Amino acid sequence: MSEPKTVFPQDPKWPDDGSSRVPFWAYTREDLYKRELDRLFYSGHWCYVGLEAEIPNPGDFKRTVVGERSVLMVRDADGSVSVVENVCAHRGMQFCRERHGNRKEFVCPYHQWSYTLKGDLQGVPFRRGVKQDGKVHGGMPADFKTADHGLTKLKVATRGGVVFASFDPDIESLEDFMGPTILGYFDRLFNGRKLKILGYNRQRIPGNWKLMQENIKDPYHPGLLHTWFVTFGLWRADNKSELKMDARHRHAAMISTRGQGGKSEQVTQVSSFKESMQLNDPRFLDIVPEPWWGGPTAVMTTLFPSVILQQQVNSVSTRHIQPNGHGSFDFVWTHFGFEDDSEEMTQRRLRQANLFGPAGFVSADDGEVIELSQQGFEQKPFHRSLVELGGREVENTDHMVTETLIRGMYRYWREVMEKPQAEPAADCAHGRD
C-alpha cells in the first residue's frame with residue numbers, strides 16, 4: 001500500500017508563535033519559494049552582484065544574478081557602475097552568455113537591437129523600413145521611441161569596492177539596510193583599500209538557499225562538524241566570540257578570536273577533534289595577523305538574503321547565494337586580496353583559500369550536510385526543525401553556544417513573508433523605470 005500523499009492547507013501555519021521551530025515546508029514548498037523571490041530578492045532588499053575590481057576598465061562586464069534573474073554589472077565609459085537586466089526589450093531573449101568580457105555596446109543576436117553600456121536602446125534594424133521599388137516596406141510605427149525601450153535598469157549602490165543592486169526603486173539606502181552595527185563590520189573588511197581578484201569557486205548545492213544563510217548564522221556547528229577547525233583551533237566553542245545582529249535581525253556577524261588548538265576540556269570529547277592529525281604542509285597554518293583585524297581572527301558576516309562576507313584569518317572572500325528552485329542554489333566564491341599585498345601575503349591568502357570552496361578542507365562538509373538536510377525535509381515535510389539552543393529569545397551574545405542568529409533570521413522572514421500581499425504597480429513590480 002502506498003504512503004498517503006502530503007496535502008498542505010492553502011497557507012499552513014507556523015508551528016509556534018515564535019521562530020524557534022522552523023517547519024520543514026519552509027524549505028520544500030515551491031509556491032513559498034516564489035514568494036521569497038518576490039519579497040526578499042526582487043523588492044525591499046539590496047542584493048550583492050560583485051566587486052568593482054572585477055570590472056576595472058570601461059566596457060568591462062560581469063554576468064551574474066539577482067535571485068533567479070540574470071543581470072549584467074557594467075563599467076561605463078565615464079567610470080560609473082551600472083546594473084541592467086539581461087533581457088532584451090524586444091522579444092525577451094537573454095542576450096549575453098559570457099560570464100565576463102568587454103564591450104562597447106550590447107547587441108542582442110536575435111534581431112540585433114543594440115544598447116549602450118547603461119542600457120539605453122540605441123539601434124533598431126529596419127526601424128525606418130526597407131526601400132524597394134520606390135516603396136518603403138515595414139518599419140516601426142511613427143510614434144516608436146527608443147527612450148521607451150531600454151533594458152531594465154536596477155538601482156545601484158557601491159561601498160568599499162562592493163556593488164549591490166535592487167529592482168526596487170524605492171529601497172532604503174545601503175547604509176540603512178545594513179544598520180550601524182553590521183556596517184561597522186562591513187567597513188572593517190572593505191576599508192577603502194583597492195581590491196585584487198585572486199580567483200573563483202563555483203558549486204551547485206542541492207538544498208534550499210536559506211540553509212546557507214543558516215549555516216553561517218550557526219556559530220557552534222564548526223566546532224562539532226569541522227575536524228580542521230576544532231583540531232587546529234580556528235573556530236571552536238572555547239574561542240572568545242561575539243554574535244551581533246542588525247535591529248531587524250536579518251543580518252549578522254559572527255566574531256571569533258582563534259585559540260591555540262590542541263586539547264581542552266570543551267573539545268576533547270568532540271568526535272571531530274583529532275589530536276594526532278598533522279599537516280604535511282604547515283604553511284596552511286602560516287597565519288599572519290593584519291592591522292585591520294583589530295583583534296578578531298575571524299568575522300563571518302551574513303547580509304540577507306544574498307551574500308556572505310568571509311574573513312577567516314588571512315583568507316577573505318565573498319560568497320554569493322544564487323537560488324534556482326526551492327531545493328537548489330549556486331554558490332559562487334570570489335577570493336580576493338588587496339592591491340598593496342606583498343607577493344608573500346597573496347600566496348598566503350591563496351593557500352588558506354584551500355579551506356573553503358566546493359572541495360575545501362572545511363566547506364566540503366557544509367555542502368554535504370545541507371544536501372542531506374534537504375533530503376530529510378523532502379521526506380518529512382510536515383515536521384519541523386528545532387533552533388532552541390541558548391533559549392527561545394533573539395539577542396546578541398558573547399558566546400557561540402546558541403542558535404539566536406537563526407531565530408532572528410526567521411523572525412524577520414516571518415515578518416516579511418506573512419505580511420498581506422499588496423497589489424503591485426504594473427511597472428514597479430517588474431523593475432521597469
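Count residues from 1 along the sequence. The figures here come from the full heavy-atom set of this structure, side chains too, leaving out hydrogens, waters and symmetry mates. All of these numbers come straight from a predicted model, not from anything done at the bench.
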Is a side-chain N or O of R39 found less than 3.5 angstrom from the main chain of M417, in a donor-acceptor match? yes
So F61 and F106, ring-ring contact (aromatic ring centres under 6.0 Å, His included) or not? Walk me through it. CA-CA 10 Å; F61 70 87; F106 291 115; 5.6 Å; yes
Give the minimum heavy-atom separation between K62 and V49, together with the two atoms involved. NZ-O, 3.1 Å
Any side-chain donor near an acceptor of the partner, Y185 and Q311, under 3.5 Å: no
Whether D31 side chain and R35 backbone form a donor-acceptor pair below 3.5 Å: no
Report yes or no: does R188 contribute a side-chain atom to a donor-acceptor pair with the main-chain N or O of W293 at less than 3.5 Å? yes
Please check: side-chain N/O of H45 versus main-chain N/O of S43, any donor-acceptor pairing under 3.5 Å? yes
Before accepting this row, confirm whether a basic side-chain N of the pair R407/E393 lies closer than 4.0 Å to the acidic partner's carboxylate O. no
With a 3.5 Å distance limit and no angle check, can you tell me whether N102 reaches the backbone of P58 through a side-chain donor-acceptor pair? yes
Shortest non-hydrogen contact from D168 toward G44: OD2-N, 2.9 Å
State, with a plain yes or no, whether a side-chain heavy atom of T346 is found less than 4.5 Å away from one of K196. yes
For H399 and V401, indicate whether the former's side chain and the latter's backbone hold a donor-acceptor pair under 3.5 Å. yes
Closest non-hydrogen atom pair, V107 against S114: CG2-CB, 3.8 Å
Kindly determine whether N201 and H335 satisfy side-chain hydrogen bond (donor to acceptor under 3.5 Å, both in side chains), including the steps that lead there. CA-CA 8 Å; N201 294 118; H335 301 280; 2.7 Å; yes
For the pair E52 and R75, find out whether any cationic side-chain nitrogen is under 4.0 Å from an anionic carboxylate oxygen. yes
Between atom OG of S315 and atom CZ of R351, what is the distance when rounded to the nearest 0.5 Å? 12.0 Å
Yes or no on salt bridge (Lys or Arg N to Asp or Glu O under 4.0 Å) for R349 and E290, after CA distance, side-chain angles and deciding distance? CA-CA 12 Å; R349 297 196 199 283; E290 301 180 61; 2.8 Å; yes
Using only heavy-atom distances, determine whether the side chains of T404 and K217 contain a donor-acceptor pair under 3.5 Å. no
Looking only at side chains, do T402 and Y220 share a donor and an acceptor under 3.5 Å apart? no
Are R103 and E98 within salt-bridge range, i.e. N to O under 4.0 Å? yes
Just by modelled atom types, is the L72 backbone N or O under 3.5 Å from a matching donor or acceptor in the N86 side chain? no
Output for pair (M245 CE, M409 CE), nearest 0.5 Å, gives 12.0 Å
Stacked cation flag R127 on F144, 6.0 angstrom / 45 deg: no
So, K118 versus S80: side-chain donor-acceptor pair below 3.5 Å or not? yes
CG-CG distance between L195 and L51, expressed to the nearest 0.5 angstrom: 6.0 Å
Donor + acceptor pair across side chains of S20, E388 (<3.5 Å): yes
With a 3.5 Å cut-off and no angle check, do the side chains of W333 and Q310 form a donor-acceptor pair? no
Flag the pair D120 and K153 as a salt bridge only when some basic side-chain nitrogen lies within less than 4.0 angstrom of an acidic carboxylate oxygen. yes
With side chains defined as the heavy atoms from C-beta onward, is the minimum distance between P23 and W14 less than 4.5 Å? yes
Give the C-alpha distance, both sets of side-chain angles, the deciding distance and a yes or no for side-chain contact (heavy atoms from CB on, under 4.5 Å) between L243 and N396. CA-CA 5 Å; L243 306 179; N396 295 341; 5.9 Å; no
Which pair of heavy atoms, one from Y33 and one from G325, lies closest together, and at what distance? OH-N, 2.9 Å
Counting only heavy atoms not in Q375 (residues, nucleotides, ligands), do more than 12 fall under 6.0 Å from its CD? yes
Could you verify whether a donor N or O on one side chain and an acceptor N or O on the other, from D60 and H100, lie under 3.5 Å apart? no
With a 4.5 Å heavy-atom cut-off, do M212 and I308 have their side chains touching? yes
Taking the side chain as every heavy atom from C-beta outward, state whether P109 and M93 have any atom pair closer than 4.5 Å. yes
Salt-bridge test for D341 and R193: reply yes if a basic N is under 4.0 Å from a carboxylate O, no otherwise. yes
Min side-chain heavy-atom separation Q112-H90 under 4.5 Å: no
Could you tell me whether the side chains of W209 and E36 share a donor-acceptor contact shorter than 3.5 Å? yes
Can you see whether Q352 engages N314 through a side-chain donor-acceptor pair at a distance of less than 3.5 angstrom? yes
Indicate yes or no for a side-chain donor-acceptor contact from R159 to the backbone of F190 under 3.5 Å, with no hydrogens or angles considered. no
Answer whether the closest heavy-atom distance between the side chains of E85 and F167 falls below 4.5 Å. yes
Flag the pair V316 / L189 as yes when at least one side-chain heavy-atom distance between them is below 4.5 Å, and no otherwise. yes
Y115 side chain to A89 main-chain N or O, any donor-acceptor pair under 3.5 Å? yes
Closest approach of F24 to S385 (non-hydrogen atoms, all atoms of both residues): CE1-N, 3.3 Å
Working note: K240 + S256, criterion side-chain contact (heavy atoms from CB on, under 4.5 Å); need CA distance, chi angles, decisive distance, verdict. CA-CA 6 Å; K240 180 181 177 183; S256 179; over 6 Å; no
More than 12 non-hydrogen atoms from neighbouring residues, nucleotides or ligands closer than 6.0 Å to CZ on F126, yes or no? no
Is it the case that Y42 and E68 place a side-chain donor and acceptor less than 3.5 Å from each other? no
Please round to the nearest 0.5 Å and tell me the distance separating atom OH of Y48 and atom CG of L309. 8.0 Å
What's the spacing between Q213 CD and N208 CG if we round to 0.5 Å? 11.0 Å
Quick test of your reading of the model: are D38 and K34 salt-bridged, counting only N-O distances below 4.0 Å? no
For the CD atom on Q379, are there more than 12 heavy atoms of other groups (residues, nucleotides or ligands in this structure) within a distance under 6.0 Å? no
Check whether the side chains of E378 and H326 place a donor and an acceptor atom closer than 3.5 Å, and report yes or no. yes
Determine whether the aromatic ring centres of residues Y412 and H251 are separated by less than 6.0 angstrom. no
Just checking, any donor-acceptor pair under 3.5 angstrom between side chains of E214 and Y27? yes
Could you walk me through whether W413 and R250 satisfy the side-chain contact (heavy atoms from CB on, under 4.5 Å) test, starting with their C-alpha distance in whole Å, then the side-chain angles of each, then the deciding distance to 0.1 Å, before giving a yes or no? CA-CA 8 Å; W413 184 92; R250 49 188 172 182; over 6 Å; no
Looking at every heavy atom in both R204 and D330, which two are closest together, and how far apart are they? NE-OD1, 2.6 Å
Are I197 and T334 side-chain neighbours, meaning at least one heavy-atom pair lies under 4.5 Å? yes
Please check if the side chain of W46 supplies one atom and the backbone of L303 the other of a donor-acceptor pair under 3.5 Å. no
Can you tell me how far the CE atom of M140 sits from the OG1 atom of T146, to the nearest 0.5 Å? 10.5 Å
